[in-house]
Amino acid sequence: MSTPESAPATSTETPGEADIESVLRSVLKAVPQAEPASDADAGAGADPDADPDAIADPRTVLGRVFQGVLFDMDGTLVDSTKAVNRSWQRWADEMGFGALFSGVQHGRPAREMVADLVSAEKVESSIRRVTELELSDTDDITILPGAAELMASIPEGRRAIVTSCSRDLCHVRLNATGFDTPATVVTIDDTVKGKPAPDPFLEAADRLGIDARQCVVIEDAPAGLAAGRAAGCATIGVVGTHSAEELDADLVVPSLDRLRIELHDHGVVFSLAPLRG
């Protein structure tokens with residue numbers, strides 16, 4: 001069965017209108033098209049008052065609602081660098097390592113660092129000695145700028161400390177500074193594998209009853225940031241023990257006093273504080 005052919009469409013344009021449309025199309029073709037914004041451009045444009053050193057992808061961190069915030073301790077909340085370096089250098093001197101000891105690898109569990117330097121049968125005695133030295137040295141340990149205020153702004157059920165040091169050492173350092181310790185603290189004693197494995201952050205999220213993928217990790221060390229990513233968390237790097245270029249994170253800030261928290265029904269939202277004039 002055949003169908004009738006459609007009748008040709010009747011144009012309602014006048015010759016003048018057609019000419020105008022043709023000219024407009026020519027003009028539009030001559031205008032260069034803007035390139036899509038890169039991730040770096042998107043981050044830079046998210047906060048016009050941000051530090052030149054701050055790197056951000058706002059789709060990943062800024063403005064997103066997080067259910068939990070997981071903090072590293074040493075180098076993130078408290079500055080224990082001098083005490084740590086003194087303790088490890090003293091142990092290295094006692095062991096006679098000399099140039100074999102190149103310094104502490106911040107963010108790595110002590111056991112891993114010791115195992116790189118001594119035979120298997122000396123690991124346990126070395127760990128005990130390093131721990132003894134670190135527990136007895138609390139001089140020069142201070143709270144880092146903005147750390148106490150940021151921690152205090154987060155509800156108890158949405159915050160945790162996740163550290164590579166032992167439980168005893170963690171509490172000794174926090175007590176030495178008077179830092180208000182949250183209820184949830186995960187140390188190297190609580191997981192089989194430490195950072196850069198994801199286990200410590202997964203354990204913290206589990207204790208909070210939160211999906212790790214809905215958490216943000218705040219760290220100063222590459223190993224900790226790697227652990228956070230492996231756990232499925234968003235990441236914020238804090239410059240201090242490492243430079244901004246060494247920190248592979250969704251957001252890198254010069255210190256925690258640049259971060260602000262807003263509370264929402266289902267979590268917390270991060271923003272960057274304006275630079276002081």
Side-chain angles (χ1 to χ4, degrees), residues 37 39-51 53-73 75-78 143-163 174 179-186 198-220 224-240 244 247-276:
D39 288 345
D41 292 336
D47 179 12
D49 295 320
D51 284 294
D53 293 335
I55 306 166
D57 182 347
R59 297 166 298 181
T60 306
V61 176
L62 301 179
R64 174 181 165 186
V65 178
F66 290 101
Q67 294 183 16
V69 185
L70 313 179
F71 292 88
D72 173 53
M73 185 184 72
T76 300
L77 297 175
V78 301
I143 299 175
L144 285 163
E149 295 82 359
L150 188 63
M151 179 70 79
S153 70
I154 302 171
E156 186 65 79
R158 299 193 183 280
R159 61 184 189 170
I161 288 178
V162 184
T163 175
L174 291 174
F179 194 92
D180 186 14
T181 307
T184 302
V185 177
V186 174
D199 303 42
F201 290 116
L202 292 173
E203 176 67 20
D206 185 61
R207 291 187 185 186
L208 291 173
I210 296 172
D211 187 334
R213 293 170 296 182
Q214 298 302 317
C215 294
V216 61
V217 161
I218 302 182
E219 270 275 3
D220 72 303
L225 292 170
R229 286 194 301 275
C233 305
T235 53
I236 297 176
V238 185
V239 175
L247 301 178
D248 182 8
D250 299 309
L251 172 67
V252 177
V253 293
S255 65
L256 291 185
D257 59 4
R258 283 303 320 282
L259 295 175
R260 294 292 182 271
I261 287 284
E262 294 179 8
L263 301 182
H264 289 249
D265 291 340
H266 301 291
V268 300
V269 174
F270 282 91
S271 62
L272 291 177
L275 284 173
R276 296 185 181 89

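- To the nearest 0.5 Å, atom CE of residue Met151 and atom CZ of residue Phe179 are 4.5 Å apart.
- A heavy-atom distance below 4.5 Å is found between the side chains of Ile218 and Val69.
- Residues Pro200 and Val162 share a closest heavy-atom pair of CB-CG1, 3.5 Å.
- Taking the salt bridge (Lys or Arg N to Asp or Glu O under 4.0 Å) definition, one finds that Arg158 meets it with nothing, sequence neighbours left out.
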Practice task
Could you walk me through whether Leu70 and Val186 pass the side-chain contact (heavy atoms from CB on, under 4.5 Å) test, one step at a time?
Solution key: CA-CA 10 Å; Leu70 313 179; Val186 174; over 6 Å; no

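- Residues Leu251 and Val216 are not in side-chain contact: their nearest non-hydrogen atoms beyond the backbone lie 4.5 Å or more apart.
- At a threshold of 4.5 Å between non-hydrogen side-chain atoms, the residues Glu149 and Asp257 do not count as touching.
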Exercise for review: Please step through side-chain contact (heavy atoms from CB on, under 4.5 Å) for the pair Thr235 and Glu219, ending with a clear verdict.
Suggested key: CA-CA 8 Å; Thr235 53; Glu219 270 275 3; over 6 Å; no

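- The structure places SG of Cys215 at 7.0 Å from CD of Gln67, a figure rounded to the nearest 0.5 Å.
- The two residues Pro155 and Leu263 make their nearest non-hydrogen contact at CD-CD2, 3.6 Å.
- Minimum heavy-atom separation, Ala231 to Phe201: CB-CB, 4.0 Å.
- Rounding to the nearest 0.5 angstrom, the gap separating the CG atom in Asp220 from the CG atom in Leu225 is 8.0 Å.
- Considering CG of Leu272 and CG of Leu259, their distance stands at 6.5 Å, rounded to 0.5 Å.
- Here Glu156 contributes atom CD and Thr184 contributes atom OG1; the two are 6.5 Å apart, rounded to the nearest 0.5 Å.
- Across all non-hydrogen atoms, the minimal contact from Ala249 to Gly237 is CB-N, 3.5 Å.
- Atom OG1 in Thr181 sits 9.0 Å away from atom CE in Met73 (nearest 0.5 Å).
- Closest heavy-atom contact between Ile236 and Val253: CG2-CG2, 4.3 Å.
- Applying the 6.0 Å contact sphere to NE2 of His264 captures more than 12 heavy atoms from other residues, nucleotides or ligands.
- Of all heavy-atom pairs spanning Ala234 and Arg64, the tightest one is CB-NH1, 4.0 Å.
- The side chain to side chain contact (heavy atoms under 4.5 Å, CB included) search around Ser153 returns Leu150, Ile261, not counting sequence neighbours.
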Can you list the steps and then say if Phe71 with Ile154 is a side-chain contact (heavy atoms from CB on, under 4.5 Å)?
CA-CA 11 Å; Phe71 292 88; Ile154 302 171; 3.7 Å; yes

Stepwise, does the side-chain contact (heavy atoms from CB on, under 4.5 Å) test hold for Val65 with Asp265?
CA-CA 9 Å; Val65 178; Asp265 291 340; over 6 Å; no

